[in-house]
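No experiment lies behind these values; they were computed from the predicted model shown.
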Amino acid sequence: MAILNNLLLFTLTFQLLFSLHVSSESSHTTGDASQFPKKFLELAKTPGVVDWMVRIRRKIHENPELGYQEFETSKLIRSELDIIGVKYRYPVAVTGVIGYIGTGEPPFVALRADMDALTMQEGVEWEHKSKVAGKMHACGHDGHVAMLLGAAKLLQQHRHVLQGTVVLIFQPAEEGLGGAKKMIEEGALKLVEAIFGIHLTNRVPLGNASSRPGSMLAGTSFFEAVITGKGGHAAIPQHTVDPVIAASSVVLSLQHLVSRETDPLDSKVVTVSKVNGGNAFNVIPDSVTIGGTLRAFTSFSQLEQRVKEVITKQATVQRCNASVNLRPNGKEPLPPTVNDVGLYKQFKNMVGDLLGEESFVEASPIMGGEDFSYFAEAIPGHFAFLGMQDESKSYASAHSSLYRVNEDALPYGAAVHASMAVQYLKDKKASKGSDTPKGFHDEL
């Protein structure tokens, strides 16, 4: 069965790339790729394209789906790609979709959008509020999908100038379930030489983009611990083994991992964000559960080990036992997101050409995490933030129940995606020599 599945995957991919190759060769229209990035924003701002992206974003927002459950979202994406005329592969990592535009030949460059929602109740009252209780797009992934589809429309309309192949990655399960890792395992980056991703933010003005070379986002991990003692009446604590005291000691001791064991110039975070234990005023509980998150740019596994040691040994000091889970609810740890220096320079230059040099904002490292890091760990990658802040309005931060997307940012995202792909392929083709990797057809 495994051999059959691999054969089917190989055959499908060949058919997709061959059809791309044929459609590119059959086009009699010529053009200079360098001329198009400057036009993409103008094209993306046309009412037809804007209204189309807004409609898609609102439909996804109304029907949020959690990681690996994005079946309707994926169906909508595939439907729109069919209309545009973009070939794609599905399913990848359960609900993921991978589209292909261009020649079907190297170089290959990928653009990525995540598409899952969060377990939150939306607090914004508006016409297109989430229709699913307890689920909400509170991190802009609905906007990310709309922007990448917008880029797909622009790129497909100008596919004759693409000097290679653009790979569109619509990724499931970014929010802690390792969707990027699973897509890589299922071949999403086959032949891809570089990947770009953008994320909407309220911390950068509308029409601006922000990035930095090297470390961009921290590695992240989560932990949960159950500290067990012996419960009893609160009036006779000498007959109990109090897990509340043990948990209190653990929480305080964990703070020393940053303040006493970490180089002050090497940012790390250990946050205990959950403490649950007991439900009566006069009863000492049998156990207390604590949980939280770790953030670091370096020595991540060492920090995880120290968290486990502190919890178990502090519990022992207080005569309690402790079990520590470093993968609670299946949440995968994320490596730091590190931007390739060369891709950063290309992105910065592209933003300057497309939006103006004043529209690029040099970012500072951020302790938040992103599973785009898996892509950037596998191949050269670049992750950037796209501004949507408007001084006349207020936009809440991501993961807030009051989060909103400034839909005026959607054309900028589509244009940035499309322009970066065109520019990367143009530059790569110009610089390629004898080290050119084999295309799909060459592997046959």
Would you please test E362 and R212 for salt bridge (Lys or Arg N to Asp or Glu O under 4.0 Å) and show each step? CA-CA 6 Å; E362 191 76 13; R212 62 175 286 107; 5.1 Å; no
Taking [X] first and then [Y], would you say they form a salt bridge - that is, a charged N and a carboxylate O separated by under 4.0 Å?
{"X": "K129", "Y": "E122", "value": "no"}
{"X": "D371", "Y": "R112", "value": "yes"}
{"X": "E80", "Y": "R55", "value": "yes"}
{"X": "K268", "Y": "E261", "value": "no"}
{"X": "R58", "Y": "E62", "value": "no"}

Kindly indicate, with the supporting measurements, whether the criterion side-chain contact (heavy atoms from CB on, under 4.5 Å) is fulfilled by V288 and I290. CA-CA 7 Å; V288 173; I290 67 170; 4.2 Å; yes
Could you check whether any side-chain heavy atom of R89 comes within less than 4.5 Å of a side-chain heavy atom of V92, counting everything from C-beta outward? yes
Does the side chain of Q389 reach to within under 4.5 Å of the side chain of S394, using non-hydrogen atoms? no
Does the [X] side chain pair with the main chain of [Y], one donor and one acceptor, at a distance under 3.5 Å?
{"X": "D340", "Y": "G342", "value": "yes"}
{"X": "S253", "Y": "V250", "value": "no"}
{"X": "T262", "Y": "L257", "value": "yes"}
{"X": "E65", "Y": "E72", "value": "yes"}
{"X": "E224", "Y": "G292", "value": "no"}
{"X": "D116", "Y": "E175", "value": "yes"}
{"X": "T46", "Y": "L43", "value": "yes"}
{"X": "S74", "Y": "T95", "value": "yes"}
{"X": "T312", "Y": "E309", "value": "yes"}
{"X": "Q346", "Y": "Y344", "value": "no"}

Closest heavy-atom contact between F297 and P365? CZ-CB, 3.7 Å
Could you grab the distance from atom CD of Q305 to atom CZ of F300, nearest 0.5 Å is fine? 13.0 Å
Just jot down the salt bridge (charged side-chain N to carboxylate O under 4.0 Å, His left out) partners of R57, sequence neighbours excluded, or say none. D142, E407
Side chains of S130 and H137: do they bring a donor and an acceptor to under 3.5 Å? no
Candidate pair K182 and E186, rule salt bridge (Lys or Arg N to Asp or Glu O under 4.0 Å), full reasoning: CA-CA 6 Å; K182 190 170 181 63; E186 297 190 17; 3.7 Å; yes
Can you name the side chain to side chain donor-acceptor pair (under 3.5 Å) partners of K59, sequence neighbours left out? none
